[in-house]
Structure formats: structure tokens, C-alpha cells
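Single-structure report; data block below.
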Amino acid sequence: MTESNTTTTTMPSLSIVIPMYNEIENVSPMVSRVHEAMAAYNGPWELLVVDDGSTDGTPQALHKESKAYGNHVRVVELRRNFGQTAAMQAGIDEARGYLIATLDGDLQNDPNDIPRMVAHLIERDLDLLTGWRKNRKDDLFLRKIPSRIANRLIGKITGVRINDYGCSLKIYKSSVIKQVRLYGEMHRFIPAWVAAVVPPSRIGEIVVNHNARVAGESKYGISRTFRVILDLLSVYFFMRYRARPGHFFGSIGLALGSVSGLLLVYLAFVKFALGEDIGSRPLFMIAVVCMIASLQFLTTGVLSELISRTYFESSQRQQYVIYHRTDACDVDTDCWAEPEMKMPENSEGETPEAATDSDKHA
């Protein structure tokens, strides 16, 4: 597989995207490690570092390294700290390679895994290959256990079952990842978002190295566990109901309406058949609340359908993604099947021309 027209290039062009925030101590070692890992890569590559509004001198250190190594080391500075997801999206938008690799800038991900992952992705013809930190060098209770629980929960809800959603070391085909827009803190769910564009069978996983942090401070804590749960609800909604949100809200509304209807039927039987008072019963208030909630959910479903259609029509986005088409001809003028001219047959199974000839002979 090759993208370049030169005969010496056998590997596709690769953009390595690394978001960094207050990692001045890791700038020089990171750039050096990336160059050591890519020394034998037989193809064009670039290193694109996104500074996410650092305040410790990280941008200045990155520009110094760019001048030392060359123009293939590109630095993108954000005006302020927008978060890792926004920084990663900025790097993906700026990347020029046929393939895009992402990893953290704290050197816990090993750049030496990149060439091996690229070869694996090409060999298996995948659209996304994510790393698996099988021997993770992190705290057991604050990082490992919450991560394992989150990985299983995410895999069960999204249907994309991989062992390590949190590993930033990933290889993408540029044409695929550029169709996915990342917002908030959705970088943790990239495989799930990619699965909305390609089938899960084109998403792979491979064991990678993981190192303990030796410089700088971690930007993550136990509090992110709660954010993951909230983000997961958004991922589930957009994966299942982005094009039909009325089904999501409508199903809840119908369920509540059914409960309310059953309760009201029962209370009507108690009132008119048994002659008992129902006005002061808690069950009556529950039935009324369920009925009101049902109407609200149904109304929300209708409004969300209107918003969804407005979104797709105004943004010119389609509800489908074409993977491949045959473009051997001009679809407007060529490659049309010509109809075969067949003469109609009479009741005796002969064409009018054959019947005329037989009449002449008679």
C-alpha cells in the first residue's frame, strides 16, 4: 500500500498528533523519542504538537525543538486551555497524512509502537487501530480499577468491545477520523464514534507498551469517572438516536402513558364499580403525573425530530457514509444499460413479422 508516486516510498504518509498542556519537562524527550522511533519509517511523516494553552513555557520549548529538527515538526498553539479533546481535534484538522497517529505527550505512551501499529493496520486493512495498555503502569485504585469498570460499561453500551478505551495511542485512516467531530471530553469514546462511520469489524486493538510518568503532573483524577458516565449517556443517545430522536423520547412517553392509562382504568373501576373515593389516593396523583410526563416526552420527541431534520438539511450532512463506489464512467452520460428491442408475440406465440411471412406463403 502506498500513497506517494515515488518508487522508494512503500509506506503511506503519517501525521503524528500530540496534544500537550504544561509539559515543558517532557517536550525535548518526547520529540527526541518520536524521531528515534520514526528513523526507520519508510515513508513521509510529520510531528504535529498542539499546545493547549500552556502557561509553563511549553510553547517556547516546542518552537525551539521545531527549529532544531526541521519544518516537519509543526506547532499549533491554542489561545487558551480548551481541553484534551479540543486539542486533539485541532491536531486532526491540521494533519496532512494519509494516516494519523495520536498519543499523549507525557511519554507514558511509547512512540516505538507507532511503526508496528501502522504495519498492523495496513496488513489487516483496518480503519482504526487502538492500543491496549495490558501492563499499565498506573495506580491500581485510582486509575486501573475505575478504567476497567469504565471499559466494560462502555463496551456493553456501545457494542464496540475493546479492552482499553482510555489509551490515547491510536492509528486512524485520515479519511475516516476526519468524518468524526469531537466535542467536550469525547476523546475517550473515539472507537464508539468511529463505529458510527465504519463497522466495528474494521476497528482493531493491539498490545502496546506503557511507561510510568517520570516528569510533570497528571491532569486526571478520580473525578473524571463521573464525567465518563455522563458522557457515556450522550454517546449512547447519539449512536442510537441521532437521526431519529423522536423514537427515544417517544418510547419513554408511551411507556409512561401506558402506566398512567392502566392506573386510571383501575381507579375508574374502584370509583364506579366499588363506589370508593379515589381523590385522596396517592395512586391517583401518580397516574396524573405519569400522564403529564407522557405528554411532555411525546412533545419533546416531535420537537427533537424537527430539530434533527433541520440539522441534516442545513448542514448538508447525510445519514449514511459511502465506503466505496465504482467510478469507471461518467454517471451522467456513460454506463447506461440499453434496452433490448423485443417484438411482442401474438396469441399463437409468433411475432407479427413472422405471422405476416406465413400468411404470404399461404
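- More than 12 heavy atoms of other shown residues, nucleotides or ligands fall within 6.0 angstrom of atom OH in Y241.
- I16 is listed as a side-chain neighbour of I114, based on a closest heavy-atom distance under 4.5 Å.
- Residues T10 and N42 have side chains that bring a donor and an acceptor to within less than 3.5 angstrom of each other.
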CA sep, side-chain torsions, deciding dist, call: D113, R133, salt bridge (charged side-chain N to carboxylate O under 4.0 Å, His left out): CA-CA 12 Å; D113 288 319; R133 300 166 296 180; over 6 Å; no

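- Counting only heavy atoms from C-beta outward, the side chains of I286 and L263 approach each other to under 4.5 Å.
- In this structure, R124 CZ and R202 CZ are separated by 10.5 Å, a value rounded to the nearest 0.5 Å.
- The structure places CD of Q296 at 10.0 Å from CG of L256, a figure rounded to the nearest 0.5 Å.
- Atom NZ of K178 is surrounded by more than 12 heavy atoms from other residues, nucleotides or ligands within 6.0 Å.
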Candidate pair V27 and T58, rule side chain to side chain contact (heavy atoms under 4.5 Å, CB included), full reasoning: CA-CA 7 Å; V27 169; T58 296; 3.9 Å; yes

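- For the pair L283 and Y266, the minimum side-chain heavy-atom distance is below 4.5 Å.
- More than 12 heavy-atom neighbours from other residues, nucleotides or ligands sit within 6.0 angstrom of CG on D277.
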Determine, stepwise, if the pair L182 / W193 fulfils side chain to side chain contact (heavy atoms under 4.5 Å, CB included). CA-CA 9 Å; L182 304 176; W193 291 118; 4.3 Å; yes

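- Using a 4.5 Å cut-off between side-chain heavy atoms of Ile, Leu, Val, Met, Phe, Trp and Tyr, with links allowed through other members, L267 and I292 fall into the same hydrophobic cluster.
- Smallest separation of non-hydrogen atoms from I24 and A61: CG1-CB, 4.3 Å.
- Taking both residues in full, the closest heavy atoms of D106 and N26 are given as CA-ND2, 3.8 Å, listed atom of the first, atom of the second, then distance.
- No side-chain heavy atom of T299 sits less than 4.5 Å from a side-chain heavy atom of F249.
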Working note: D110 + R33, criterion salt bridge (charged side-chain N to carboxylate O under 4.0 Å, His left out); need CA distance, chi angles, decisive distance, verdict. CA-CA 8 Å; D110 190 353; R33 290 274 300 276; 3.2 Å; yes

Passes side chain to side chain contact (heavy atoms under 4.5 Å, CB included), L169 versus T102? Steps please. CA-CA 5 Å; L169 182 53; T102 59; over 6 Å; no

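- Between the side chains of E77 and H63, at least one donor-acceptor pair of N or O atoms lies under 3.5 Å.
- Y21 is listed as a side-chain neighbour of N81, based on a closest heavy-atom distance under 4.5 Å.
- Judged by distance alone, the side chain of D52 and the main-chain N or O of G83 form a donor-acceptor pair under 3.5 Å.
- Under the 4.5 Å side-chain heavy-atom criterion for grouping Ile, Leu, Val, Met, Phe, Trp and Tyr, M291 is not connected to L262 through any hydrophobic cluster.
- Between the side chain of S251 and the main chain of F248, a donor-acceptor pair closer than 3.5 Å is present.
- Transitive grouping of hydrophobic side chains (ILVMFWY, heavy atoms separated by less than 4.5 Å) keeps L126 and V207 in distinct clusters.
- Using a 4.5 Å cut-off on side-chain heavy atoms (C-beta onward), K173 and D125 make contact.
- If you run side chain to side chain contact (heavy atoms under 4.5 Å, CB included) between M88 and each of I177, I190, V50, only I190 comes through.
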Go through it in stages, so that I can follow the logic: the residues are L48 and I18, the test is side chain to side chain contact (heavy atoms under 4.5 Å, CB included), and I'd like the CA-CA distance, side-chain angles, deciding distance and then a yes or no. CA-CA 6 Å; L48 205 157; I18 302 179; over 6 Å; no

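- In this structure, K170 contributes its side chain and L103 its backbone to no donor-acceptor pair below 3.5 Å.
- To the nearest 0.5 Å, atom CD1 of residue I203 and atom OH of residue Y172 are 10.5 Å apart.
- N22 places no side-chain N or O within 3.5 Å of a backbone atom of S54 that could act as its donor or acceptor partner.
- Hydrophobic clustering (side-chain heavy atoms under 4.5 Å, transitive across Ile, Leu, Val, Met, Phe, Trp, Tyr) keeps V289 apart from L298.
- To the nearest 0.5 Å, atom NE2 of residue H35 and atom OH of residue Y69 are 6.0 Å apart.
- Relative to the ring axis of F82, R80 places its NZ or CZ within 45° and under 6.0 Å from the centre.
- Of the possible polar contacts, none joining the S308 side chain to the R244 backbone as a donor-acceptor pair under 3.5 Å is found.
- Nearest heavy atom pair, residue G253 against residue S294, reads O-OG, 2.6 Å.
- A donor atom on one side chain and an acceptor atom on the other are found under 3.5 Å apart for S15 and E46.
- Aromatic ring pairs are classed by plane angle as parallel below 30°, tilted from 30° to 60° and perpendicular above 60°; the pair H72 and W45 is perpendicular.
- Across all non-hydrogen atoms, the minimal contact from S260 to C290 is CB-CB, 3.7 Å.
- The shortest side-chain heavy-atom distance between E205 and P191 does not fall under the 4.5 Å cut-off.
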Decide yes or no on salt bridge (charged side-chain N to carboxylate O under 4.0 Å, His left out) for E94 and R74, but give the supporting numbers first. CA-CA 10 Å; E94 295 290 328; R74 303 168 57 200; 3.6 Å; yes

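- Rounded to the nearest 0.5 Å, atoms OG (S174) and CD (Q179) are 10.0 Å apart.
- Here the shortest heavy-atom pairing between S304 and G246 reads OG-N, 3.6 Å.
- In the displayed structure, F297 atom CZ is contacted under 6.0 Å by at most 12 heavy atoms of other residues, nucleotides or ligands.
- In the model, H120 has no side-chain atom that pairs as donor or acceptor with a side-chain atom of R116 under 3.5 Å.
- Taking 4.0 Å as the cut-off between side-chain N and carboxylate O, D93 and R181 count as a salt-bridged pair.
- Cluster membership for F237 and Y165, using ILVMFWY side-chain heavy atoms within less than 4.5 angstrom, is shared.
- I122 and P12 get closest at one heavy-atom pair: CD1-CD, 3.5 Å.
- Remark: side-chain polar atoms of S66 are not paired, donor with acceptor, to backbone N or O of L62 under 3.5 angstrom.
- For the atom pair L121 CG and L99 CG, the distance stands at 6.0 Å (nearest 0.5 Å).
- In this structure the side chain of V208 never reaches within 4.5 angstrom of the side chain of K134, judged on heavy atoms.
- Aromatic ring centres of W132 and H210 lie farther apart than the 6.0 Å criterion allows.
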